[in-house]
Amino acid sequence: MTPHSPFPYLRQVVLDCPNPRSLAEFYRELLGYAYRPGHEEDDPDGDDWLVLVAPDGRRLAFQQDEDLIPSTWPEGQVPQQLHLDLTVADKVELDRQHERALALGARLINDESDDEVEQLRAYADPAGHPFCIFVAPDHPG
């Protein structure tokens, strides 16, 4: 029997969105995750909750919310509320992932890719959730 941890385990991050399938597809392509078994097939009547799983077991889930108001960060009245931080190993990979993110439907909202301390770009995903891609010296890949 495994000893009990004194802390809860973070199973997944859940993003509200008007169309879970299209947002799950965006992140599936961007991150290389796979659908949780049973979530692979497009089901127009049942796609109100979808889960993607990374090879290491991390999860990202999508919950339907028809009334979601997209973040207007960094300008405007609707805050981020939550954002995802993604890392790459170097500036060359940052530029490559920038092109991929835009091609998949992301919108660039802040470009600090020439910053001397922390090179990053902030985006809005197709549902308006902010996420950042930045160069991290401790990037695992």
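Take Asp114 and apply the salt bridge (charged side-chain N to carboxylate O under 4.0 Å, His left out) test, not counting sequence neighbours, and it matches no residue. Remark: Arg11 pairs with no residue by the salt bridge (charged side-chain N to carboxylate O under 4.0 Å, His left out) rule, at least two apart or across chains. With sequence neighbours excluded, no residue satisfies salt bridge (charged side-chain N to carboxylate O under 4.0 Å, His left out) with Arg59. Every residue two or more places apart in sequence or in another chain that forms a salt bridge (charged side-chain N to carboxylate O under 4.0 Å, His left out) with Asp42 is listed here: Arg21. Contacts of Glu66 classified as side-chain hydrogen bond (donor to acceptor under 3.5 Å, both in side chains), with partners at least two apart in sequence or in another chain: Gln64. By the side-chain contact (heavy atoms from CB on, under 4.5 Å) test, Pro70 is found to be paired with no residue, residues two or more places apart in sequence or in another chain being considered.
With rounding to the nearest 0.5 angstrom, the CZ atom of Arg28 is 12.5 Å from the CG atom of Leu23. To the nearest 0.5 Å, atom CG of residue Asp43 and atom CG of residue Asp48 are 9.0 Å apart. Between the CD atom of Glu25 and the CG atom of Leu30 there is a distance of 12.0 Å, given to the nearest 0.5 Å.
Residues Leu102 and Ile109 do not share a hydrophobic cluster, defined by chaining ILVMFWY side chains whose heavy atoms lie under 4.5 Å apart. Note: the hydrophobic cluster containing Leu94 also contains Leu31 (ILVMFWY, side chain heavy atoms under 4.5 Å, direct or indirect links). In terms of hydrophobic clustering, with Ile, Leu, Val, Met, Phe, Trp and Tyr side chains grouped at heavy-atom distances under 4.5 Å, Val88 and Tyr27 are assigned to a common cluster.
Residues Ala101 and Phe26 share a closest heavy-atom pair of O-CE1, 4.0 Å. The minimum heavy-atom distance linking Pro18 with Ala127 is given by the pair CD-CB, 4.2 Å.
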Table please: side-chain donor-acceptor pairs of residues 129-137 below 3.5 Å, with sequence neighbours left out.
{"unit_1": "His129", "atom_1": "ND1", "unit_2": "Asp125", "atom_2": "OD1", "d": "3.3"}
{"unit_1": "His129", "atom_1": "ND1", "unit_2": "Asp125", "atom_2": "OD2", "d": "3.0"}
{"unit_1": "His129", "atom_1": "NE2", "unit_2": "Asp16", "atom_2": "O", "d": "2.7"}

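Contacts classified as ring pair (Phe, Tyr, Trp, His ring centres under 6.0 Å) and involving residues 85-105 (residues at least two apart or in different chains) are given here: His98-Tyr123. Contacts classified as salt bridge (Lys or Arg N to Asp or Glu O under 4.0 Å) and involving residues 91-112 (residues at least two apart or in different chains) are given here: Lys91-Asp95, Glu93-Arg96, Asp95-Arg121, Asp111-Arg121. For residues 70-96, no pair satisfies ring pair (Phe, Tyr, Trp, His ring centres under 6.0 Å), with sequence neighbours left out.
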Exercise for the section: Show the numbers, then the answer: is there a side chain to side chain contact (heavy atoms under 4.5 Å, CB included) between Cys17 and Asp65? Expected result: CA-CA 5 Å; Cys17 54; Asp65 180 349; over 6 Å; no

Exercise for the section: Take Phe62 and Leu52 through the side chain to side chain contact (heavy atoms under 4.5 Å, CB included) test and state the conclusion after the steps. Expected result: CA-CA 9 Å; Phe62 308 88; Leu52 295 176; 3.7 Å; yes

Exercise for the section: Could you go through the side chain to side chain contact (heavy atoms under 4.5 Å, CB included) check for Leu84 and Leu60 one step at a time? Expected result: CA-CA 10 Å; Leu84 303 176; Leu60 187 58; 4.3 Å; yes

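Membership of the apolar cluster around Val51 extends to Val14, Trp49, Val53, as traced through chained side-chain contacts below 4.5 Å between ILVMFWY residues. Hydrophobic cluster membership for Val78: Ile69 (Ile, Leu, Val, Met, Phe, Trp, Tyr linked by side-chain heavy atoms under 4.5 Å, directly or transitively).
Atom CD of Glu40 is surrounded by more than 12 heavy atoms from other residues, nucleotides or ligands within 6.0 Å.
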